[in-house]
Number of protein chains: 2
Amino acid sequence: MSDISLGERMRRGDVLAPHCPSRVVLRQLTSTWGVLVLLALRDGMLRFTQLRRRVGDVSDRMLAQTLKQLEAHNLVERRSFPVVPPHVEYRLTPLGEDAANRIAQLTDWIEHRLPDFGAAAA
Amino acid sequence: MSDISLGERMRRGDVLAPHCPSRVVLRQLTSTWGVLVLLALRDGMLRFTQLRRRVGDVSDRMLAQTLKQLEAHNLVERRSFPVVPPHVEYRLTPLGEDAANRIAQLTDWIEHRLPDFGAAAA
DNA sequence: TCTTACACTTACACATTTGTGCGTACTTCC
DNA sequence: GGAAGTACGCACAAATGTGTAAGTGTAAGA
């Protein structure tokens with residue numbers, strides 16, 4: 001009875017509504033590796049292998065996939081140079097920087113309040 | 001060469017480091033249903049069925065599982081009354097409110113910049 | 001009497017995510 | 001001449017996430 005109608009929710013662009021495109025972006029932005037790559041790139045440009053070393057426990061496969069998705073969402077820019085061995089640079093777009101800063105606020109808060117999350121966080 | 005040592009990262013409590021407990025919390029906090037449940041509870045207490053109606057397309061199974069995890073992380077408080085039919089109330093803890101507000105800032109920003117994320121967000 | 005509602009739980013199966021190992025074309029270093 | 005580094009792509013398998021359908025016990029409402 002006190003429920004909000006679907007139409008009402010869509011008008012507000014609410015993520016709570018199913019099929020809202022925000023959910024797609026949110027999923028990518030907050031995916032395990034998406035978050036970590038964004039954070040890693042906050043300090044500036046990195047090459048593929050540097051990124052892999054920086055982000056703990058990421059596999060080649062997931063890193064490549066994550067970078068593609070971030071690029072598709074305009075969060076990361078990829079520059080490749082036609083030399084051998086291959087040379088590719090990754091950096092944040094302005095949109096990506098904005099996103100990364102917000103993510104960083106969240107992770108900083110989590111780290112700060114870590115003890116409060118109880119035994120489940122062990 | 002410019003890599004930061006693992007020890008250095010752990011001291012800073014960096015999420016980039018593997019096995020950092022922050023990753024666990026982050027995963028839960030930003031999980032598909034975790035986010036949506038936190039947002040749904042921002043307006044106050046809700047019962048199980050209300051919550052299910054509020055959060056689009058969530059199944060009984062996932063909702064129950066999500067609520068358990070959020071409770072384990074001290075983000076949600078569960079109050080059950082020994083009546084029949086069962087009556088259970090869910091509400092945010094202070095920690096949960098803090099989390100929910102931060103998540104909301106992120107989703108608001110996403111909704112606001114949605115057009116900028118390109119065709120991939122379609 | 002029979003259905004509906006509540007707040008779940010369990011079993012099963014499918015979908016998505018993630019890891020592993022292998023290969024590449026070439027160059028530099030030992 | 002052999003090994004290592006670069007930035008990946010691909011095939012296969014394991015792990016995890018998620019949905020579906022069914023069932024629980026009781027009581028209020030038709």
Check the interface with nucleotides 2-6 of chain C: list each N/O to N/O pair with the protein under 3.5 Å, or write none.
unit_1 : atom_1 : unit_2 : atom_2 : d
C:dC6  : O3'    : B:R47  : NH2    : 3.0
C:dC6  : O3'    : B:P86  : O      : 3.1

At 4.0 Å (heavy atoms only), tell me whether A:F81 reaches a base, stays on the sugar-phosphate, or touches nothing.
nothing
Value in whole Å for how far the P atom of C:dA7 lies from CG of B:L63:
10 Å
So which one's nearest nucleotide on DNA chain C is more toward 5', A:V84 or B:E89?
B:E89
Which heavy atom in A:L38 sits nearest to a heavy atom in A:G96, and how many Å separate them?
CD2-O, 4.5 Å
Check: protein-nucleotides 18-20 of chain C nitrogen or oxygen pairs below 3.5 Å:
unit_1 : atom_1 : unit_2 : atom_2 : d
C:dT18 : O4     : A:R61  : NH2    : 2.8
C:dG19 : OP2    : A:S59  : OG     : 3.1
C:dG19 : N7     : A:R61  : NE     : 3.0
C:dG19 : O6     : A:R61  : NE     : 2.9
C:dG19 : O6     : A:R61  : NH2    : 3.4

Could you state the interatomic distance from CG (B:D98) to CG (B:L92), rounded to the nearest 0.5 Å?
10.5 Å
Round to a whole Å and report the spacing from CG of A:L67 to P of D:dA7.
11 Å
Transitively linked via ILVMFWY side-chain contacts under 4.5 Å: B:W109 with B:L114?
yes
The reported gap from CG in A:L70 to CG in A:L41 (rounded to nearest 0.5 angstrom) is 8.5 Å
From the list B:D57, B:D60, B:L46, side chain to side chain contact (heavy atoms under 4.5 Å, CB included) partner of B:R52 resolves to B:D60
Between A:K68 and D:dG9, is there a side-chain N or O to OP1/OP2 distance below 4.0 Å?
yes
Starting from the C-alpha separation in whole Å, work towards a yes-or-no answer on side chain to side chain contact (heavy atoms under 4.5 Å, CB included) for B:W33 and B:V55.
CA-CA 8 Å; B:W33 304 121; B:V55 176; 4.0 Å; yes
Show me the pairs that pass salt bridge (charged side-chain N to carboxylate O under 4.0 Å, His left out) and involve residues 65-78 of chain B, at least two apart or across chains.
B:E77-B:R79
Between P of D:dT16 and CD of B:Q28, the distance in whole Å
15 Å
Send over the distance from B:L46 CG to C:dA7 C1', rounded to a whole Å.
14 Å
So, does A:D116 use its side chain to make a donor-acceptor pair with the main chain of B:L95 at under 3.5 Å?
no
